[in-house]
Amino acid sequence: MEGTIRKEVIPVGTTVFERQRPAASVIARSLEGARHSVFWRDDLPENLTPDRSALTGTRRADLVVVGAGYTGLWTALLATERDPGAKVVVVEAQRVGWAASGRNGGFCEASLTHGHENGTARWPKEMPALDRLGLENLDAIEQSEARYGMDFQFERTGQFAPATEPHQVEWLQEWAAEDEDVLYLDQAEAQASVASPTYLAAVWEKDTCGMVHPARMATELARVCEERGVEIFEKSRVTGLDTSGSGVIVVTEGGRVEASRAALGTNVFPSLLKRNRLMTVPVYDYVLMTEPLTGDQLASIGWRDRQGIGDLANQFHYYRITKDNRILFGGYDAIYHYGRKVRPEYEDRPDVWEKLASHFFTTFPQLEGLRFTHQWAGAIDTSTQFTAFFGTARDRRIAYAAGFTGLGVGSTRFAGEVMLDLLSGVSTERTSLEMVRRRPLPFPPEPAAAIGINATRWSLDRSDHNRGRRNLLLKTLDALGLGFDS
Ligand SMILES: Cc1cc2nc3c(=O)[nH]c(=O)nc-3n(C[C@H](O)[C@H](O)[C@H](O)COP(=O)(O)OP(=O)(O)OC[C@H]3O[C@@H](n4cnc5c(N)ncnc54)[C@H](O)[C@@H]3O)c2cc1C
């Protein structure tokens with residue numbers, strides 16, 4: 001079998017996506033009818049998108065949660081599990097799950113540390129506990145779907161990491177030698193599993209990841225929260241937190257919630273706490289969704305185990321199959337805009353979608369003729385430790401969690417548990433973790449942030465084009481604990 005796969009001489013300074021570029025006409029035709037719209041939101045049934053009213057007047061609550069993405073919604077749901085009698089109010093600036101939680105890739109990973117390598121580099125002693133807590137968290141997400149009769153299309157398929165360049169094969173071999181829970185596949189086995197001519201080898205982690213329908217996950221969580229008595233207000237942007245009395249008053253443009261405690265799940269948006277304003281930056285990530293594949297098209301790519309796929313470069317692609325057999329293909333370019341703002345106009349990047357379409361047909365040339373129906377983007381909540389940070393403010397009346405850096409589908413539930421632990425004041429295994437207790441460094445203000453982030457991005461791209469070798473900037477960042485290695 002090995003002998004049937006062509007070995008190519010690789011020109012220095014290129015990647016397979018440049019060496020095996022599809023014709024421009026193939027790319028143009030595939031994008032002709034694509035709508036700038038989030039497939040997952042368009043795919044929601046009407047009963048999951050009720051138009052909730054804005055907050056008016058004064059409400060009283062035990063806990064007020066700001067933000068109705070996964071972090072806020074899990075926090076609200078878990079609060080009702082801990083105390084079924086608790087009065088919980090959620091206040092959301094726009095709609096439930098409209099932001100990252102409704103537009104992501106749907107890779108629900110066990111990792112709480114943005115991958116094992118990132119965690120091991122920062123909290124080596126805690127990794128056994130973090131790995132165990134991460135798996136428990138993933139199991140709890142899967143169990144919650146069944147327990148509450150939610151349908152967010154969870155499929156525990158695991159994750160498949162293919163090497164598309166020779167130097168990445170060595171990385172996979174090292175990984176497989178260190179981790180007995182992963183399955184190493186050589187070139188023939190990798191291509192027999194998922195039929196891409198770009199694959200040189202792969203590792204399959206079978207148990208640590210599930211695929212979900214992201215917008216369904218957010219809206220189903222909201223539905224269950226409401227069934228359990230949580231009040232959710234939409235179109236109610238919180239403008240201030242008043243802690244001059246004994247509790248917390250959350251103030252919106254039209255009303256206020258007076259509560260004993262508040263949990264902030266506002267992620268990449270400007271923090272309501274001054275101390276967190278420099279802790280995250282929005283980095284834009286772009287996504288394409290194809291039309292459903294025909295039976296013949298599906299047969300041509302194999303992929304019968306339906307794993308989530310993430311290749312190994314610094315600038316990596318992630319892709320997965322949906323329930324109705326479309327392929328979501330995203331990642332690679334991650335774009336930071338000077339001024340750290342979240343703006344709808346940053347989402348419109350035809351050049352980036354064209355590059356993604358090109359890389360898609362390099363990966364699956366046999367799908368030539370397949371069309372993309374949707375293209376969209378979202379802001380990744382990047383922190384300097386590439387995973388969430390946590391804390392409390394104002395005499396422990398307010399808790400916060402943010403900075404998931406593109407890996408929050410699973411770990412936001414853990415973050416909800418951490419915030420509730422912190423607000424209760426009881427020490428738990430979670431709150432004793434150094435990962436939870438230690439705040440990462442903030443990003444510098446502009447122009448240093450833009451210069452640093454763009455220089456890092458350029459260096460990562462160079463590294464992908466130079467057999468993975470890291471330049472001086474990347475080595476320095478690695479040494480300072482600020483290096484990113486996907
Ligand atoms: C394109 C893309 C792909 C991704 N793919 C994956 C993936 O495959 N796997 C993975 O694990 N992670 C992925 N992520 C990351 C993941 O989606 C996020 O980490 C996660 O959704 C964060 O959830 P959240 O609730 O903290 O934030 P959000 O979903 O952003 O929710 C925050 C909410 O807070 C609200 N808010 C903010 N400020 C205020 C205010 N002042 N008043 C009231 N409300 C406010 C916002 O309106 C928003 O609804 C991806 C992200 C993007 C953008």
Side-chain angles (χ1 to χ4, degrees), residues 38-40 54-55 64-76 90-112 114-115 138 141 159 209-212 214-215 217-218 221-222 232-241 250-253 257 262-273 276 280 282-289 308-310 316 318-320 328-331 333-335 342 346-347 375-383 386-388 400-416 419:
V38 180
F39 166 78
W40 302 120
L55 177 70
V64 56
V65 177
V66 184
Y70 302 141
T71 303
L73 293 166
W74 277 117
T75 307
V90 179
V91 188
E92 162 56 45
Q94 297 204 30
R95 303 289 310 273
V96 163
W98 75 276
S101 297
R103 57 179 73 196
N104 60 70
F107 287 56
C108 188
E109 294 197 26
S111 176
L112 303 174
H114 207 294
L138 183 62
I141 291 172
Q159 205 171 172
C209 181
M211 294 292 117
V212 301
M217 190 165 171
L221 281 169
I232 303 178
F233 295 98
E234 296 186 324
K235 296 154 279 191
S236 305
R237 194 167 70 83
V238 173
T239 52
L241 302 169
V250 156
V251 182
T252 70
E253 283 139 1
V257 184
L264 307 183
T266 57
N267 197 32
V268 77
F269 299 91
S271 178
L272 292 160
L273 295 170
N276 286 344
T280 57
V283 176
Y284 276 80
D285 189 43
Y286 297 80
V287 185
L288 291 173
M289 183 70 92
I309 301 181
F316 65 97
Y318 56 88
Y319 38 114
R320 47 86 47 104
L328 174 146
F329 196 80
D333 275 327
I335 297 178
V342 179
Y346 294 158
E347 295 174 17
Q375 54 193 24
W376 71 90
I380 299 275
D381 44 348
T382 307
S383 70
F386 311 114
T387 192
Y400 56 82
F404 299 90
T405 317
L407 206 71
V409 175
S411 58
T412 42
R413 183 188 173 282
F414 177 82
M419 285 201 284

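In listed order, ligands and their atoms are each counted from 1.
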- Which pair of non-hydrogen atoms, one from Val91 and one from Ser236, has the smallest distance, and what is that distance? CG1-O, 3.2 Å
- Query: Which atom names give the shortest non-hydrogen contact between Glu234 and Val96, and what distance separates them?
  - Reply: OE2-N, 2.9 Å
- Message: According to side chain to side chain donor-acceptor pair (under 3.5 Å), who are the partners of Arg103, at least two apart in sequence or on a separate chain?
- Response: Glu347
For ligand 1, list all ligand N or O to protein N or O distances below 3.5 Å, rounded to 0.1 Å.
| from | atom 1 | to | atom 2 | distance (Å) |
| --- | --- | --- | --- | --- |
| ligand 1 | 5 (N) | Gly105 | N | 3.0 |
| ligand 1 | 8 (O) | Gly105 | N | 3.4 |
| ligand 1 | 8 (O) | Gly106 | N | 3.3 |
| ligand 1 | 8 (O) | Phe107 | N | 3.1 |
| ligand 1 | 9 (N) | Phe107 | O | 2.9 |
| ligand 1 | 11 (O) | Phe107 | O | 3.2 |
| ligand 1 | 11 (O) | Gly408 | N | 3.0 |
| ligand 1 | 11 (O) | Val409 | N | 2.9 |
| ligand 1 | 12 (N) | Gly406 | O | 3.0 |
| ligand 1 | 12 (N) | Gly408 | N | 3.1 |
| ligand 1 | 17 (O) | Ala100 | O | 3.3 |
| ligand 1 | 17 (O) | Asn104 | ND2 | 3.3 |
| ligand 1 | 19 (O) | Asp381 | OD2 | 3.4 |
| ligand 1 | 19 (O) | Gly408 | N | 3.3 |
| ligand 1 | 21 (O) | Ser101 | N | 3.3 |
| ligand 1 | 21 (O) | Ser101 | OG | 3.0 |
| ligand 1 | 23 (O) | Ser101 | OG | 3.2 |
| ligand 1 | 25 (O) | Tyr70 | N | 3.0 |
| ligand 1 | 25 (O) | Thr71 | N | 3.0 |
| ligand 1 | 25 (O) | Thr71 | OG1 | 3.4 |
| ligand 1 | 26 (O) | Thr71 | OG1 | 2.7 |
| ligand 1 | 27 (O) | Asn267 | ND2 | 3.1 |
| ligand 1 | 29 (O) | Ser101 | N | 2.9 |
| ligand 1 | 29 (O) | Ser101 | OG | 2.5 |
| ligand 1 | 30 (O) | Asn267 | ND2 | 3.2 |
| ligand 1 | 34 (O) | Gly265 | O | 3.4 |
| ligand 1 | 41 (N) | Val238 | O | 3.1 |
| ligand 1 | 42 (N) | Val238 | N | 2.8 |
| ligand 1 | 44 (N) | Ala93 | N | 3.0 |
| ligand 1 | 47 (O) | Glu92 | OE2 | 2.6 |
| ligand 1 | 47 (O) | Trp98 | NE1 | 2.9 |
| ligand 1 | 49 (O) | Glu92 | OE1 | 2.7 |
| ligand 1 | 49 (O) | Glu92 | OE2 | 3.1 |
| ligand 1 | 49 (O) | Trp98 | NE1 | 3.2 |

- Task: Quickly, which of Val283, Leu407, Thr266, Val268 forms a side chain to side chain contact (heavy atoms under 4.5 Å, CB included) with Asp381? Name it, please.
- Result: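 Answer after filtering Val283, Leu407, Thr266, Val268: Val268.
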- Task: Look up atom CE in Met211 and atom CG in Leu328, then write down how far apart they are to the nearest 0.5 Å.
- Result: 10.0 Å
- Task: Over 60° means perpendicular and under 30° means parallel, so classify the ring planes of Phe329 and Tyr319, tilted if in between.
- Result: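 Judged by the thresholds at 30° and 60°, the geometry between Tyr319 and Phe329 is tilted.
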